[in-house]
Number of protein chains: 2
Amino acid sequence: MKLTSKGRYAVMALVDLARFDSINPVSLRDISLRQGISLDYLEQIFSKLKKNEIVKSIRGTQGGYVLNKNPNDIKLTNIFHAVDEKVKTVQCKRESKRGCNGKATKCITHNLWDELETHINTFFENKSLDDLLKNKKETRV
Amino acid sequence: MKLTSKGRYAVMALVDLARFDSINPVSLRDISLRQGISLDYLEQIFSKLKKNEIVKSIRGTQGGYVLNKNPNDIKLTNIFHAVDEKVKTVQCKRESKRGCNGKATKCITHNLWDELETHINTFFENKSLDDLLKNKKETRV
DNA sequence: ACATACCTGACTAAAATGGTCAAGTTTAGA
DNA sequence: TCTAAACTTGACCATTTTAGTCAGGTATGT
């Protein structure tokens, strides 16, 4: 299962974006500075977010990115999917129509991973960018 | 977040073990053959399972491993913990008492990962080896 | 025209993964 | 008592993934 910094950065950047894009397009440079994420890396991430129609880009001076949907309609599952964070649990090697590991049967734990995957996906499907915004205060420690 | 083959192998091996250890100690060689997991790798895994008192070893000829607890008392969370599958989501770099990323604040998404972690752990805490055994038939495809 | 900001693809150091290999020790059973 | 089966330990390693960097673009508002 993968769930790494790339996904975290994507979420952080989008929350940041959502907080400011109603005024102006937000440049990656600003997000980079505010969130402490490398600009070059952000560009990779936003390229994917754009392909998946989560954000729109506006080129040129004063340009930047804007959300392409209502924050309430952007679920975490969409974000992770966009940046290739596959919320997939361990795969059985060479799983095929025939079964796991080339055998004609499913392996003992096969159903378990299916269940887990559903469990995690449900969490992400029920969580929108809007939910995070409501909780957006950077709480003091 | 890590959730890899090592965890899957550990679970597969323990289910296998649970099915046969009431008769005799089960050798890793048998598990290796039945489950298609490298013997050397199994040894690494069982070394950790033993340290965490999930299995007992019996040395010598006809030796092998035996469960050290009732299958109902072995939760998946115990297994993953034993083999260092940390069910931890992405960490904020250098998180400290002071906050995330060296700042005095928690990062925007901090609570999210905490919630997710709890969500996944709940799943694993409620799932025991016994639950898997009940479902143990290698269902035909 | 030119600075700002997006866009693209190649490249890479470091870490994690999924093992292998070698050299033991222990003990049941012949 | 000898020996083979089985556990034990630790070093090692190839491959893949991660988390970026770097170097060049292209588009556009002012």
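Below, chains carry the letters A, B, ... as their sequence lines are ordered, and counting in each starts from 1.
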Five-pair end axes of the helix from C:dA1-D:dT30 to C:dA30-D:dT1, angle between them (10°):
10°
Between [X] and [N], is there a contact of a side-chain N or O with OP1 or OP2 at under 4.0 Å?
| X | N | result |
| --- | --- | --- |
| B:T61 | D:dA4 | no |
| A:Y41 | D:dT18 | no |
| B:S27 | D:dC7 | no |

Can you give me the closest heavy-atom contact between B:L42 and B:A13, atom names plus distance?
CD2-CB, 4.0 Å
Atom pairs under 3.5 Å: protein N/O with N/O of nucleotides 7-9 of chain C:
unit_1 : atom_1 : unit_2 : atom_2 : d
C:dC7  : OP1    : A:K50  : NZ     : 2.6
C:dC7  : OP1    : A:S57  : OG     : 2.8
C:dC7  : OP2    : A:Y65  : OH     : 2.6
C:dC7  : N4     : A:E43  : OE1    : 3.2

When the distance from [atom1] of [X] to [atom2] of [N] is rounded to whole Å, what number comes out?
| X | N | atom1 | atom2 | result |
| --- | --- | --- | --- | --- |
| A:F80 | D:dT18 | CZ | P | 14 Å |
| B:K48 | D:dT8 | NZ | P | 15 Å |
| B:N24 | C:dT27 | CG | P | 18 Å |
| B:K6 | C:dA16 | NZ | C1' | 10 Å |
| A:L42 | D:dA19 | CG | P | 14 Å |
| A:L39 | D:dA19 | CG | C1' | 15 Å |
| A:Y9 | D:dT21 | OH | C1' | 14 Å |
| B:D30 | D:dA5 | CG | C1' | 11 Å |

Looking at A:K127 and B:E115, is there a salt bridge between them, counting it only when a charged N and a carboxylate O are closer than 4.0 Å?
yes
Return yes if some donor-acceptor pair links the side-chain N/O of A:N52 with the main-chain N/O of A:K48 below 3.5 Å, else return no.
yes
Taking the nucleotide of DNA chain D with the closest heavy atom to each, which residue, B:G64 or A:I58, is nearer the 5' end?
B:G64
A:I54 and side-chain contact (heavy atoms from CB on, under 4.5 Å): which single residue from A:L17, A:L49, A:N68, A:L129 fits?
A:L49
Can you tell me how the ring of A:Y65 sits relative to the ring of A:F46, calling it parallel under 30°, perpendicular over 60° and tilted otherwise?
tilted
Reckon A:V26 touches a base, only the sugar-phosphate, or nothing at all at heavy-atom distances under 4.0 Å?
sugar-phosphate
Among A:F124, A:F123, A:Y9, exactly one meets ring-ring contact (aromatic ring centres under 6.0 Å, His included) together with A:F80. Which residue is that?
A:F124
With a 4.5 Å cut-off on side-chain heavy-atom distances among I, L, V, M, F, W and Y, is there a chain of contacts connecting A:V26 to A:I58?
no
Please check if any side-chain donor atom of A:K75 sits under 3.5 Å from a side-chain acceptor atom of A:S128, or the reverse.
no
Taking the side chain as everything from C-beta on, heavy atoms only, tell me whether A:L67 gets closer than 4.5 Å to A:P71.
yes
